[in-house]
Number of protein chains: 2
Amino acid sequence: MDAKMKDIAREAGVSTATVGRVLHKRGYVSPDAKKRVEAAVQKLGYVPNTLARALITNRSGIIGCLVVEHAGNLHQEISRVVLAAAEARGYRLFTMQTRLNVRDEDELIRQFIGLRVDGLVVISNIYLTREQLSLLRTRQVPVVAIERAYFSPGVDNVCFRDVEGAEEAVRHFLERGHRRVAFIGPKPFAQTEEDRLEGFRRAMAAAGIPEYGQTVALTQAYGIDEGRAAAQRLLALPEPPTGLFCTADSLAAGAMQALYARGVRVPQDISISGYDNRIARELAPPIDSVEPDLDNLGGVTMDLLSARMERFDDAGRTEWLRMRYVDRGTVTAL
Amino acid sequence: MDAKMKDIAREAGVSTATVGRVLHKRGYVSPDAKKRVEAAVQKLGYVPNTLARALITNRSGIIGCLVVEHAGNLHQEISRVVLAAAEARGYRLFTMQTRLNVRDEDELIRQFIGLRVDGLVVISNIYLTREQLSLLRTRQVPVVAIERAYFSPGVDNVCFRDVEGAEEAVRHFLERGHRRVAFIGPKPFAQTEEDRLEGFRRAMAAAGIPEYGQTVALTQAYGIDEGRAAAQRLLALPEPPTGLFCTADSLAAGAMQALYARGVRVPQDISISGYDNRIARELAPPIDSVEPDLDNLGGVTMDLLSARMERFDDAGRTEWLRMRYVDRGTVTAL
DNA sequence: TGATAATATGTCAACGATGACACATCCGGA
DNA sequence: TCCGGATGTGTCATCGTTGACATATTATCA
């Protein structure tokens, strides 16, 4: 059905080798033959079979992207910028998603290996297992992990400076005279969550506020409902906080609902900031948030990956992406 | 490097044919040979080469997904549910994205054809060109288009009942005594936008409100800023509307900011509803919205596609997905 | 006892593109 | 005139897997 090289060759009256030379613009081809081949390609609507090419060259031109989904994180946005960067560099990005589930991940990794991907991008806040890593390593598949640092041979990392990001956000409150700043964030279940809590603690400690004086509202997960409930609890305290530091915009959005319902105005009556800057700008009013450097993320990731695809070695490089505080004026002086 | 069937065969002391029989659980294999093959597969960490298999079977097991991105639409969410449905059915979904750009689309479609995808899902609110369609058609690639109906041979469609969705939302205002209901939505540039505007007009006309009495605020695009500006304009009218029907949650979110800034309370002072139900629940307060039946979308899409993959024909089937009005109480009686 | 079916395994030509290699021809310079 | 390089083209084994076909052995029944 589909035209193949042989068909082009016959149509143009040359051999498949010459067709190949025209297609790859490599080697000597007479202008005449070239013209005839191009005409035949056009006429028969020839599109080279990537699969056959990959089989013999042993390079698929495909990069796998494993996204471990998880309500309330940035993984969708991250995969989008990585996709854009990959396409810009001429790679095809093959995305597969899963929710936290080792069995699924095993299956997806086998699928990627079956496709003989040239590289793999893992976007996850949990770790791959040792077995999964070794499966990839014996096949010399370059891996770049976003969000989780592996420090493992053959794996490069792109990480967010979450401790510093959270620290800066909390300092924002403290510098404006706030003392009772509450932390709203999930009970740490991965590095990211620990880092943000750690950043909060560091900033508070640096301001001389002792551990037991800190108001920490841990939620079971990310989400609107969790944020709303946490804010309700905090507002009911005898001495409610004057500032709410939320470690996700979704939590902040929920908190805003609680505030709105109680008639507490932002920023006149209370200060608030979010994290991730995903929906912060969509709220009324738009609130402060902490933004990862997504503009660079795609490029950094693909640079690491292509360096490793050219020469596979055992070093494990790590790139740290800094966070940026986006000031929209919802943290005000007391 | 990678183990191949031949290696397994040697290790197990059988031929590749027997290895194949074990792998595909087909044909006769002695329990003993089976055991040895399985052990060899385990030992050598064999993963079949999907590319080679695809080459000879002429089925890649890959479904292409072309997402034409566009700020403010649901395409990310849609691609996610389609991905889930595809994975559940054992297909690999290969997603590529582009922004409105025919040249890019041509390139991506060629990439898909090069990969010999078994089917293609197009998520776009603009049409593929005639050339693109015929390229796919000569190769008998089943195509399912989401959002845009093609009524073109070889293309199945999954469409949203946007006229009815908008109509129902506007009726919600009218039934509660509103007369001055404003429409906030982009100047129609594709069917979706026209449909939502049409729905608004129908509902208003049915309530006896003449065309010239209708308040229509057309924006240049979807987005927070556009929604905010439109709401500001409307609030400045001598007789401001009592209800705002926004054809996207992002527009509604912007409108909410304008309301908040002016101290107009929702829903006490004004009624409002959004569309798409993407961020409506994250706002303070959460607002009414119109929700496409995303739960069914993935399944419906994949059903159409797999039916067509089994038997390619020229019929163009169309599935209409109904919209659901989500009532959160932000449209109240006057 | 021989015919037949069921069981078990191996051989080999595809799939479509690649690229090493061989073979031609032509030109310029020694 | 002969040689070497540039130019132009074709042949064929190969990539890893599949599946049609051939072959061999054992069990079953008339």
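Just so it is clear: chains get the letters A, B, ... in the order the sequence lines come, proteins before strands, and each one is counted from 1. Reckoned from all heavy atoms, side chains included, excluding hydrogens, waters and symmetry mates.
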Practice problem: Specify the separation, in whole Å, of atom NZ of B/Lys4 and atom P of D/dT18. | Solution: 15 Å
Practice problem: May I ask you to check whether B/Gln132 and B/Asp106 show a side-chain donor-acceptor distance below 3.5 Å? | Solution: yes
Self-check item: Verdict with supporting geometry, B/Asn125 and B/Glu193, side chain to side chain contact (heavy atoms under 4.5 Å, CB included)
Solution: CA-CA 9 Å; B/Asn125 52 357; B/Glu193 289 69 33; 4.2 Å; yes
Self-check item: Given C/dT18, D/dG19, C/dG10, the nucleotide with the shortest approach to the side chain of B/Val14
Solution: C/dG10
Exercise. Let me know the distance between CZ of A/Arg53 and P of C/dC15, rounded to the nearest Å.
Key: 19 Å
Quiz item: So what does B/Arg116 touch, heavy atoms closer than 4.0 Å: a base, only the sugar-phosphate, or nothing?
Solution: nothing
Self-check item: Side-chain N,O (A/Thr16) to OP1/OP2 (C/dG16) below 4.0 Å
Solution: no
Quiz item: Any idea which heavy atoms bring A/Leu51 and B/Leu55 closest together, and the distance?
Solution: CD2-N, 4.5 Å
Self-check item: Side-chain N or O of B/Tyr28 closer than 4.0 Å to phosphate OP1/OP2 of C/dA8
Solution: no
Practice problem: Would you mind classifying the nucleic acid contact of A/Arg59 as base, sugar-phosphate or nothing, using non-hydrogen atoms under 4.0 angstrom? | Solution: nothing
Practice problem: Take atom CZ of B/Arg36 and atom P of C/dA8, then tell me their distance rounded to the nearest Å. | Solution: 13 Å
Quiz item: How close or far is atom P of D/dG10 from atom NZ of A/Lys6, stated in whole angstroms?
Solution: 15 Å
Practice problem: State, without any angle test, whether B/Glu107 and B/Gln111 hold a side-chain donor-acceptor pair at a distance under 3.5 Å. | Solution: yes
Practice problem: Would you tell me if any nitrogen or oxygen in the side chain of A/Thr18 comes within less than 4.0 Å of OP1 or OP2 on D/dG10? | Solution: yes
Practice problem: For B/Ala33, report the nucleic acid contact type (base, sugar-phosphate, nothing); a contact means any heavy atom under 4.0 Å. | Solution: sugar-phosphate
Practice problem: Can you tell me the distance, in whole Å, between the NE2 atom of B/His24 and the P atom of D/dG19? | Solution: 7 Å
Quiz item: If only side-chain N and O atoms of A/Tyr46 are considered, is one of them under 4.0 Å from the OP1 or OP2 phosphate oxygen of C/dA17?
Solution: yes
Quiz item: In chain order, what residues pass the side chain to side chain donor-acceptor pair (under 3.5 Å) check against B/Lys43, with sequence neighbours excluded?
Solution: B/Glu11
Quiz prompt | Of B/Ala52 and B/Ser30, the one whose closest DNA chain C nucleotide lies more 5' | solution = B/Ser30
Quiz prompt | Selected nucleotide, minimal atom distance to B/Ser15 side chain, candidates C/dG10, D/dG16, C/dA17 | solution = C/dG10
Self-check item: Separation of atom CE in B/Met5 from atom C1' in D/dG19, rounded to whole Å
Solution: 11 Å
Quiz item: Just how far, in rounded Å, is P of D/dG16 from CG of A/Asn58?
Solution: 7 Å
Quiz item: Between A/Asp7 (CG) and C/dC15 (C1'), how many Å, whole number?
Solution: 13 Å
Quiz item: Relative to the 5' end of DNA chain D, which residue comes earlier, B/Arg21 or B/Leu55, by the nucleotide with the nearest heavy atom?
Solution: B/Leu55
